Participant: 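Shown below is the structure under consideration.
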Amino acid sequence: MPIGVLNGRDLLLAPSILAADFAQLGAQVREAEAAGADWFQADVMDGHFVPNISFGALVVEALKPQTRCLLDCHLMISHPEQYIDDFVKAGAQQITVHVEAVTHLHRVVQQIKAHGVRAGVALNPATPLSSIEEIVQDLDLVLLMTVNPGFGGQQFIEHSLDKIRRMRQILDDRQLSNVILQVDGGISAGNVRAVAEAGATCFVAGSSVFRHKQGIVKAIEEFRWALK
């Protein structure tokens, strides 16, 4: 069941496991799912495309039996096409690559879809929407980064709201209601309503879920109230 509905569109909450306590990852994911999380996002970083290293396919494989939610792998890595097979085998049900990291974007999107999983493309804050206009009709998801990728706990870039509105207009103009507009970076219960009103339909939240002072259940409850 979606975390909310706005303007006839289902709203999805996708907690990022990057902010979880990895010593209790399975337990925390199960708690978040029971509290109403819709998806889980695995933020994969290689220390090359972004200035940080997180984890790889083995963590996704270990996580898969712990949840019935969709596993969304966000590959913040160089040459993601070399690792797509590994993440599919590990249990990824959706794979998102960065337009900035791929030379032949259409080929990589088709590579993902050939495995029967959903395909997404992510854009960094400074990357123009025009970079995906020729391929948006082939996508299941567009991810707009609202921080510069590489680290959790960053502040939401406020002028990203205008970019979200423009991306929503592109999707609406082309009648691509099936394409999910996801945002990632600095999302909290305090700003999620404004982000949803700008047109986003899926919200990646890491620290604001897994590191909430009152716990995971309270965090997700606050998101649900914000989106009522």
Side-chain angles (χ1 to χ4, degrees), residues 1-4 10-47 50 52-77 86-96 117-118 120 122 141 143 145-147 149-156 180 182-192 195-196 200-228:
M1 185 174 178
I3 198 77
D10 288 345
L11 305 178
L12 306 173
L13 181 64
S16 168
I17 66 167
L18 186 66
D21 179 350
F22 271 58
Q24 304 180 64
L25 181 58
Q28 290 196 341
V29 163
R30 291 192 296 273
E31 183 178 0
E33 179 178 349
D38 299 291
W39 294 359
F40 287 102
Q41 176 143 308
D43 288 314
V44 180
M45 306 178 188
D46 63 358
V50 293
N52 199 6
I53 296 174
S54 59
F55 50 79
L58 287 176
V59 169
V60 176
E61 185 178 7
L63 180 62
K64 177 64 176 172
Q66 304 298 321
T67 178
R68 293 170 295 177
C69 292
L70 181 142
L71 289 184
D72 177 16
C73 289
H74 176 197
L75 304 187
M76 290 179 269
I77 62 177
D86 293 337
F87 282 98
V88 171
K89 289 175 184 175
Q93 293 152 290
Q94 179 166 275
I95 295 177
T96 298
V117 301
R118 296 167 53 85
L141 176 142
L143 167 54
M145 295 300 299
T146 47
V147 299
F151 297 93
Q154 298 184 67
Q155 292 295 310
F156 178 83
I180 289 174
Q182 187 181 64
V183 291
D184 182 0
I187 302 298
S188 69
N191 61 22
V192 71
V195 175
T201 51
C202 183
F203 316 97
V204 179
S207 300
S208 58
V209 170
F210 287 113
R211 298 182 186 177
H212 192 288
K213 291 181 180 178
Q214 293 177 269
I216 293 168
V217 173
K218 179 65 174 176
I220 294 178
E221 181 182 299
E222 288 179 357
F223 272 95
R224 183 175 289 108
W225 276 104
L227 292 169
K228 276 205 168 205

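Predicted model only: the values in this text are computed from it and were never measured.
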Participant: Once salt bridge (Lys or Arg N to Asp or Glu O under 4.0 Å) is applied, what residue pairs with a partner in residues 68-77 remain, sequence neighbours excluded?
Facilitator: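 Residue pairs with at least one partner in residues 68-77: Glu33-Arg68.
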Participant: Looking at OG of Ser208 and CD1 of Ile220, how far apart are the two atoms once the value is rounded to the nearest 0.5 Å?
Facilitator: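 Rounded to the nearest 0.5 Å, the OG-CD1 separation comes to 9.5 Å.
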Participant: When the side chains of residues 221-228 are checked against the rest of the protein, which donor-acceptor pairs come out under 3.5 Å, sequence neighbours left out?
Facilitator:
from: Glu222; atom 1: OE1; to: His212; atom 2: NE2; distance (Å): 3.0
from: Glu222; atom 1: OE2; to: His212; atom 2: NE2; distance (Å): 3.3
from: Arg224; atom 1: NH2; to: Ala35; atom 2: O; distance (Å): 3.0

Participant: Can you measure from CD (Glu61) to NZ (Lys89) and round to the nearest 0.5 angstrom?
Facilitator: 11.0 Å
Participant: Output the distance between atom CG (Leu70) and atom CD (Gln41), rounded to the nearest 0.5 Å.
Facilitator: 10.0 Å
Participant: How long is the span from the CG atom in Asn52 to the CG atom in Leu18, to the nearest 0.5 Å?
Facilitator: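 Result: 7.0 Å between the selected atoms.
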Participant: Just by distance, do the side chain of Ser54 and the backbone of Asp43 share a donor-acceptor pair under 3.5 Å?
Facilitator: yes
Participant: Roughly how far apart are Phe203 CZ and Asn191 CG, rounded to 0.5 Å?
Facilitator: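 The distance works out to 9.5 Å.
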Participant: Taking Thr146 for its side chain and Gly185 for its backbone only, find out whether a donor-acceptor pair lies under 3.5 Å.
Facilitator: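 Indeed, once roles are kept as given, a pair shorter than 3.5 Å links the two residues.
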Participant: As an exercise, state the distance from CD1 of Ile17 to CZ of Phe55, rounded to the nearest 0.5 Å.
Facilitator: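 Between atom CD1 of Ile17 and atom CZ of Phe55 there are 3.5 Å.
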Participant: Does one side chain, of Asp184 or Gln182, offer a donor that lies under 3.5 Å from an acceptor on the other?
Facilitator: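 The criterion, which ignores hydrogens and geometry beyond distance, is not satisfied for Gln182 and Asp184.
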Participant: Return the set of residues passing side chain to side chain donor-acceptor pair (under 3.5 Å) with Thr201 (not counting sequence neighbours), or none when no residue passes.
Facilitator: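 Testing Thr201 for side chain to side chain donor-acceptor pair (under 3.5 Å), a comparison that skips the adjacent residues, returns none.
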Participant: Ala92 and Val117: which non-hydrogen atoms are nearest, and at how many Å?
Facilitator: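 Smallest heavy-atom distance, with atoms named: O-CG1, 3.4 Å.
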Participant: Tell me if a side-chain donor or acceptor on Asp38 pairs with a main-chain N or O of Leu13 at a distance below 3.5 Å.
Facilitator: yes
Participant: So which heavy atom on Phe87 is nearest to which on Gly56, and how close?
Facilitator: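 Heavy-atom minimum between the residues: CE2-C, 3.8 Å.
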Participant: Identify the two heavy atoms, one from Cys69 and one from Ala37, that lie closest to each other, and give their separation to 0.1 Å.
Facilitator: SG-O, 3.5 Å
Participant: Would you mind writing out the side-chain donor-acceptor pairs for residues 19-31 within the sub-3.5 Å range, not counting sequence neighbours?
Facilitator:
from: Asp21; atom 1: OD1; to: Ala23; atom 2: N; distance (Å): 3.0
from: Asp21; atom 1: OD2; to: Gln24; atom 2: NE2; distance (Å): 2.9
from: Gln28; atom 1: OE1; to: Asp21; atom 2: N; distance (Å): 3.0
from: Arg30; atom 1: NH1; to: Gly26; atom 2: O; distance (Å): 3.4
from: Arg30; atom 1: NH1; to: Gln66; atom 2: OE1; distance (Å): 2.2

Participant: Where is the tightest heavy-atom contact between Pro2 and Leu11, given as atom of each residue plus distance?
Facilitator: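 Minimum heavy-atom contact is CB-O, 3.3 Å.
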